[in-house]
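Report on the structure given below.
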Amino acid sequence: MTESTSALGKDLIGLEPLSKEQILTVMDTAELFKDVSERRIKKVPVLRGKTIVNLFFEASTRTRVSFEFAQKRLSADTVNVAAAGSSVAKGETLVDTARNLEAMRIDMVVMRHPASGAAKFLADRIPSNVINAGDGRHEHPTQGLLDMLTMRDHLGRIEGLKVCVVGDVLHSRVARSNFFGLLKLGAEVAVCGPKTLIPMRIEEMGVKVFPRVEEALEWADVINVLRLQLERMKGGFIPSLREYNRFFGVTRERLDAAGRDILILHPGPMNRGVEIDSDVADGPNQVILKQVTNGVAIRMAVLYLLAGGSPEKAHTVNEVAEA
Ligand code: CP
């Protein structure tokens with residue numbers, strides 16, 4: 001594989017391998033790209049001539065559409081491939097699929113896959129840049145980045161923030177990307193959820209564990225609420241959804257009892273009335289749709305940097321055109 005000269009290396013597989021400086025570079029570059037989505041003509045010629053394939057082997061609304069908007073706003077040519085309807089459904093392997101796409105001269109692959117490690121596996125075998133759009137329980141790096149950008153937008157910093165991830169941490173790639181990113185940027189990180197849904201020995205990562213959601217809310221400046229990822233559960237991890245809501249649901253009563261403002265994030269999709277009640281999901285402290293808006297800017301920044309764009313030149317999108 002050829003050595004990459006991009007600020008992020010050849011691929012974006014996770015936040016675990018990135019340095020604090022690389023994470024901040026993506027977030028700072030995203031700040032500069034936010035403006036493009038607010039213009040009447042939402043397009044700059046930064047990735048003109050680049051061809052990107054979005055390879056989605058799992059359901060997605062936010063990540064897939066957000067990557068596609070980011071690519072189109074940077075003027076790349078994009079093709080979407082879903083597992084259903086592709087030759088994967090006929091038994092073709094992941095690498096053969098990617099090699100066939102590369103034979104048509106592509107530059108980047110954005111992939112979501114149900115298997116942990118699938119993005120790295122592919123990245124090690126093809127010369128195109130690979131961006132992990134979520135692989136099994138491993139990582140969802142652009143979600144971690146957009147979560148941190150949203151926290152920084154609203155609270156002015158990441159360092160020293162107390163962030164608690166509440167819910168099904170065991171099956172969550174979003175949680176893992178949050179831990180790696182937040183700890184590198186100096187936040188304090190905690191989790192809260194049923195014992196069966198908290199990974200064993202998570203404390204060894206430097207993460208606190210709150211067994212009761214009331215204690216977590218007393219401690220946290222920010223909570224990132226996760227859904228129960230039922231599609232990844234093989235067996236009964238919780239007695240019932242109603243019981244989960246009763247003991248761990250983020251409700252207006254529990255937030256009021258905490259007695260102070262707590263920023264509420266949720267990566268989506270939400271299950272209202274299970275992990276989060278509607279009056280919290282639509283309430284004054286939530287920034288859930290702001291996360292979605294920031295997702296486009298983060299993905300534009302990742303695409304730009306992986307394509308070899310210079311962080312120093314990103315300060316005006318017109319200069320970005322020459323990168
Ligand atoms: N947050 C997230 O990954 O949402 P999607 O599954 O809709 O992409």
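Whatever order the structure lists ligands and atoms in, that order sets their numbers, starting from 1.
Proximity of Leu15 to Lys184: side-chain heavy atoms (C-beta onward) are nowhere separated by under 4.5 Å. Counting only heavy atoms from C-beta outward, the side chains of Arg299 and Val110 never approach each other to under 4.5 Å.
Using cut-offs of 30° and 60° for the angle between ring planes, the Phe210 and Trp219 rings count as tilted.
Heavy-atom distances between Gly268 and ligand 1 reach below 4.0 Å in at least one pair. Taking a 4.0 Å cut-off on heavy atoms, Glu58 fails to register as neighbouring ligand 1.
The nearest heavy-atom contact from the protein to atom 7 (O) of ligand 1 is Thr61 N, 2.8 Å. Here the protein heavy atom with the shortest distance to atom 2 (C) of ligand 1 is Thr63 OG1, 3.5 Å. Remark: minimum distance from atom 4 (O) of ligand 1 to any protein heavy atom is reached at Arg62 NE, 3.1 Å. Taking atom 6 (O) of ligand 1 as the reference point, the nearest protein heavy-atom neighbour is Arg112 NH1, 2.8 Å.
For the pair Arg112 and Phe56, the cation does not sit on the ring face, since its NZ or CZ is not both under 6.0 Å from the ring centre and inside 45° of the axis.
A donor-acceptor contact shorter than 3.5 Å links the side chain of Thr251 to the backbone of Arg254. A donor-acceptor contact shorter than 3.5 Å links the side chain of Asp11 to the backbone of Val130.
In terms of N/O distances under 3.5 Å, ligand 1 is approached by Pro267.
Near His140, the atoms of ligand 1 lying under 4.0 angstrom from a non-hydrogen atom of the residue are 2 (C), 3 (O). Shown in contact with Gln143 at under 4.0 Å from a heavy atom are these atoms of ligand 1, numbered in order with element: 1 (N), 2 (C).
Within a 6.0 Å radius of CZ in Arg48, other residues, nucleotides and ligands contribute 12 heavy atoms or fewer.
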